[in-house]
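Have a look at the structure below, then the notes.
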Amino acid sequence: MERTYKPQEFEKKWQDKWFSELSYEGKDLDETRKKYYLLVEFPYPSGDSMHMGHTRNYSMFDAVARLRRMKGENVMFPMGWDAFGLPTENYAIKVKRAPQDITRENIDTFRRQLKSLGLSFDWSREVNTTDPEYYKWTQWIFLKLYEKGLAYKAKKPINWCPKCKVGCANEEVVDGKHERCGTEVEQKDMDQWVLRITEYADKLDKDLDLTDYVESVKTRQRNWIDAKTWYDVKYQVEGTDEYMQVSTTRPDTQFGATFVVVAPEHPILQELMGKMPESNSEEVQKYIESSKKKSDLERVSESKNKTGAFTGLYCLNSISGERLPIYAADFVLANIGTGMVVGVPAHDKRDFDFAQKFNIPVIRVIEGPDGDRSEIKEAKDVYEDEGTVYGSGFMNGLGSEEARVKAAEYIKEKGIGDTVRRYHLQDWIFSRQHYWGEPIPIVHCPVCGDVAVPEDQLPLELPYVKEYEPSVTGESPLAAMTDWVNTKCPKCGGDAKRETDTMPNWAGSSWYFIRYTDPHNTKAIASPELMKYWMPVDLYEGGQEHVNLHLLYSRFWYKFLYDQGIAPSPEPYHKRTIHGMVLGEGGAKMSKSLGNVISPDDLISKYGADVTRAYMMFMGPYEGDVVWSAETINGVKRFVSKYYDFVLNAWNNKQGESDEAAHKALAKLLKREEDNLLSLKFNTSISALMEFYNEYSKSIFNQEDIEKLIIVIAPSLPHMSEELWSLIGHKDSVHNQQWPNVDEKLLQEETIEVPVQINGKVRGRITISTSDTENLIREKVLSDQALLGYLNGGEIRKFIYVPNKIVNVVV
RNA sequence: GCCAAGGUGGUGAAAUUGGUAUACACGCUACGUUCAGAACGUAGUCCUAGCAAUAGGAUGGGGGUUCAAAUCCCCCCCCUGGCACCA
């Protein structure tokens, strides 16, 4: 049969109408309705077309936005552009055009593509991180951080390509080599701006309890922060007045310490060099030289085979009083703890490996389960868990945790050390030696030092330059712009130079969700009333690649603004969920080089926006990766066009009363759609529609039910729903209709079929009334001849009836 | 090594969270429609035995709890992501 469903003939018409009437605006300060702030990660507008991943994520959440609006909520569903960054800069260098112009064109493409999917974004709130009116406030937040001492300058290593003579971003370094030329990159120390995120590390960890993120996101945030209490203790070097600042997280094992290890690059080794016996100092010097040549990768890959050098020196363990030999070894890292570690071979695998190699004794001090104190002879016996402490003086008999408390008291009392909070999370290096980012609003004055650009001079605009390549000194291309660089000091008026580093691409995305609440405000990042009304974000959906850094950075900025009395809540996002990826046919990542990229434009012109969207939802569960299949989309297309004909036929054959079964099933369908979409089960929301169609497409419906047949598909098939709505004579939009309240009575069945098991095996089913008592059901089962056959006249030991679910008879 | 999420038909996947395993869709098979293809329609499709009714088996493997396990507990295997000599 020829299908009448021709989406190309009406989708554009409805999109034009939707977007010209701005019907999807979230209404500010509307206290009559529940507000719902639905945030999807904004895209990086690359030079290629929009990705299938965007298509899928946005389609899914557009259904949620549309459903919630129909349920009467005041939904804000905004969109914008995260447009600073390297891909555009590299492309600009290649084609010798301004990134500003390229970005504008890319955004136009992306906006057109999003609109051609019929996504109901609130375009009146569009933001663009590269717009000076936007980054004015990014710079303003930076100055606030600077003012509060949370932005500071420090020498930090950057990746330096000696061949191209440029600094490169981490993303440009693949396997230790510069992506562009294949040369091995070096580390070069440069003055850089750093944000003191570690100041917020404990809050960022603890306040995860205030949120409703999916558990895996919380875990990943916690692991990334990895906050630990360290115990730094001073050990005197025997025969000298030098002290070693040794660090551990397990002071409960201190009495098992049999040696001390220093990272080879640690400066204390040079200080001790003169005190070492000559043969030892030579050996240590040689060891330091050789380990300098090793890359990080080599260090790790050799981890099984420990290396090191004995200094010939000993120190006194100030907790146990033991005399410990001091070694230099590169399995200890200079930047972890104090770079000096106590070796406890019985309770640390690495220490054990080292002790074996250098014939150092192994002393056990923590009991295993059931009081196990057996000797540690092999690597597999090493006991790293906690337990009762023995052979440890003042800590004897305590559990590991209590022992640590005791140890902390002890070292503080004796004045030999202290506890320190340390994190895996490092302070955030905020400088980039690139052009396409927000200029850092600082002026370097030879008299006054670093001076903040006054607020009324913001935005500090990025000037157009001729060359976008980083300069041969490793500085940003802005350094060559002498007109721009040379300025006056805002404080003393003397000659001064501007900071030429720019901000990382994480900057603009760290607060965009705030700007959406009040995107055109020229006086503040957003008005307090609007922030208070809309924040926090109710649901933030995004990719797992942003779960570590972006989430942490944006929570950090938001918490900082909260502490300044600007942001209205301690956390920016109430809930955070993660989508899966769309993979190419066969399961490989879609990429230009593999040639397996599917363009949303092609799909929309071939199948229409609704089929594309519904297919994206149907492919698989939201959190999982899905594999593109050209064949499967036909199934969805088939269903969508059949449903279109079904509604039109139902309209032509409509009666005063719907078939009772169909009427009830429709009520259930509305409930299922609502439940599925709100719990992000997009795939089953589409199957539910298919099931209903398969069962009731030949049924008779009345006018009211036909309208519901159209409303129920409005969230997931918005164009077709709108078209059908107008075809049956409505002038207003289906998307402005109320989502029907379902009569609970229609969801209840009076009679149902329940399976009957004999000894756990299904042997038949009986029809019961939902109000039947257990006794009545027992009678029904025992009077069923077919079921009696299975009982074999045996004695009934147990009769189980789970109301409305199942009967099990145990014989 | 550690952390996280998984493993269900030929394929993508469902399973009201302990209650009829495999819904829905793809693919495949047969028949029909069609000049042909595409598209469409009807029927079938977890495995084994049987013409059939039916019986037995099956959710990575093994054990356990329970009237009842894909789901809960213990051990093992495999795939995917992240972190990684973090003391």
Side-chain angles (χ1 to χ4, degrees), chain A residues 1-3 214-220 222-224 226 228 230-231 246-251 253 257 261 263 296 299-306 329-333 335-345 347-351 353-354 384 422-425 544-545 547-548 578 580-581 587 615 618-621 623-639 641-642 672 675 681 683-694 753-765 796-811:
Chain A
M1 189 175 71
E2 186 70 20
R3 290 286 169 212
V214 290
E215 216 38 54
S216 69
V217 174
K218 286 191 188 186
T219 311
R220 280 183 57 182
R222 289 211 166 94
N223 288 348
W224 191 265
D226 197 22
K228 278 190 192 127
W230 289 68
Y231 301 73
V246 173
S247 58
T248 179
T249 58
R250 291 292 302 275
T253 65
V261 192
D296 285 356
R299 270 190 171 200
V300 176
S301 62
E302 287 171 8
S303 65
K304 282 267 175 333
N305 185 20
K306 296 276 183 291
D330 64 8
F331 79 92
V332 168
L333 307 176
N335 55 343
I336 306 294
T338 58
M340 287 181 248
V341 160
V342 246
V344 184
H347 303 296
D348 184 290
K349 286 204 177 84
R350 294 155 305 179
D351 293 351
D353 292 343
F354 189 80
E384 294 188 324
R422 289 203 180 91
Y423 312 94
H424 169 260
L425 175 71
Q544 60 153 5
E545 67 277 20
V547 163
N548 288 345
I578 308 182
M581 267 196 308
Y615 176 55
F618 184 65
M619 283 173 92
E623 321 82 41
D625 291 347
V626 290
V627 176
W628 164 256
S629 150
E631 279 166 342
T632 321
I633 192 172
N634 273 317
V636 175
K637 185 190 152 199
R638 238 169 263 161
F639 161 71
S641 45
K642 283 192 291 192
R672 274 180 86 183
D675 292 348
K681 291 180 170 173
N683 51 340
T684 49
S685 82
I686 301 292
S687 345
L689 294 171
M690 290 171 166
E691 277 175 57
F692 178 86
Y693 169 85
N694 290 343
E753 250 198 357
V754 295
V756 178
Q757 297 183 326
I758 312 287
N759 287 334
K761 285 203 185 304
V762 178
R763 295 301 186 182
R765 38 206 90 203
I796 294 174
R797 300 227 326 262
K798 219 168 191 180
F799 185 92
I800 296 146
Y801 170 60
V802 183
N804 305 332
K805 288 224 165 121
I806 202 163
V807 174
N808 194 5
V809 186
V810 185
V811 187

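Sequence lines set the chain letters: A, B, ... in the order given, protein chains first and strands last, and positions in each chain run from 1. No hydrogens, no waters, no symmetry mates; every other heavy atom, side chains included, goes into these values.
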Residue-phosphate contact under 4.0 Å: A/Asn683 side-chain N/O, B/A14 OP1/OP2 | yes
When both distances are under 3.5 Å in a Watson-Crick or G-U wobble arrangement, the nucleotide paired with B/G18 is none
Watson-Crick or G-U counterpart of B/G1, or none if no pair lies under 3.5 Å | B/C83
For atom CG of A/Asp625 and atom P of B/G82, their distance in whole Å = 11 Å
Ignoring the backbone of A/Asn548, work out which of B/G82, B/G57, B/C24 is nearest its side chain.
-> B/G82
Selection from B/A14, B/G19, B/A25 that lies nearest to any side-chain heavy atom of A/Thr632 = B/A25
Measure from the side-chain heavy atoms of A/Arg350 and tell me the nearest of B/A13, B/A25, B/C86.
-> B/C86
Counting side-chain heavy atoms from CB outward, which of B/A87, B/C24, B/A14 is closest to A/Pro621?
-> B/A14
Considering only heavy side-chain atoms of A/Asn634, the closest of B/A87, B/A39, B/U20 is B/A39
Watson-Crick/G-U partner (both atom distances under 3.5 Å) of B/G27 | B/U45
With a non-hydrogen cut-off below 4.0 angstrom, is A/Lys761 in contact with a base, only sugar-phosphate, or nothing?
-> sugar-phosphate
Between A/Asn694 and A/Trp230, name the one whose nearest nucleotide on RNA chain B is closer to the 5' end.
-> A/Asn694
Report the distance from atom CD1 of A/Ile800 to atom P of B/U66, rounded to the nearest whole Å.
-> 13 Å
All heavy atoms of A/Lys306 vs all of A/Arg350, minimum pair found to be CE-O, 3.6 Å
Looking at the angle O4'-C1'-N9-C4 for a purine or O4'-C1'-N1-C2 for a pyrimidine, is B/U17 syn or anti, with syn meaning within 90° of 0?
-> syn
Using the P atom as the reference point in each nucleotide, state the distance between B/G60 and B/A13 in Å, no decimals.
-> 15 Å
Nearest to the side chain of A/Arg765 - B/U20, B/G41, B/A68?
-> B/U20
Which atom names give the shortest non-hydrogen contact between A/Pro621 and A/Asn683, and what distance separates them?
-> N-ND2, 3.6 Å
Write down the distance between CG (A/Asn759) and C1' (B/G19), rounded to a whole number of angstrom.
-> 16 Å
First encountered from the 5' end of RNA chain B, between A/Arg763 and A/Gly760 | A/Arg763
Provide the Watson-Crick or G-U wobble partner of B/U33, both distances under 3.5 Å; none if there is no partner.
-> none
Taking syn as within 90° of 0 and anti otherwise, name the glycosidic form of B/G9.
-> syn
Can you check ring-ring contact (aromatic ring centres under 6.0 Å, His included) on A/Trp628 and A/Tyr615, steps first, answer last?
-> CA-CA 10 Å; A/Trp628 164 256; A/Tyr615 176 55; 5.5 Å; yes
Among B/A25, B/U20, B/A13, find the nucleotide with the atom closest to the side chain of A/Met690.
-> B/A25
Would you indicate which nucleotide in B/C40, B/A87, B/A4 comes nearest to any side-chain atom of A/Ser216?
-> B/A4
A/Leu333 side chain: which of B/A25, B/U20, B/A87 is closest?
-> B/A87
Main-chain N/O of A/Ile633 paired with A/Arg638 side-chain donor or acceptor, under 3.5 Å = no
Pair A/Asp226 + A/Lys228: basic N to acidic O under 4.0 Å | yes
Options B/G27, B/C24, B/C85, nucleotide nearest the side-chain atoms of A/Phe331 | B/C85
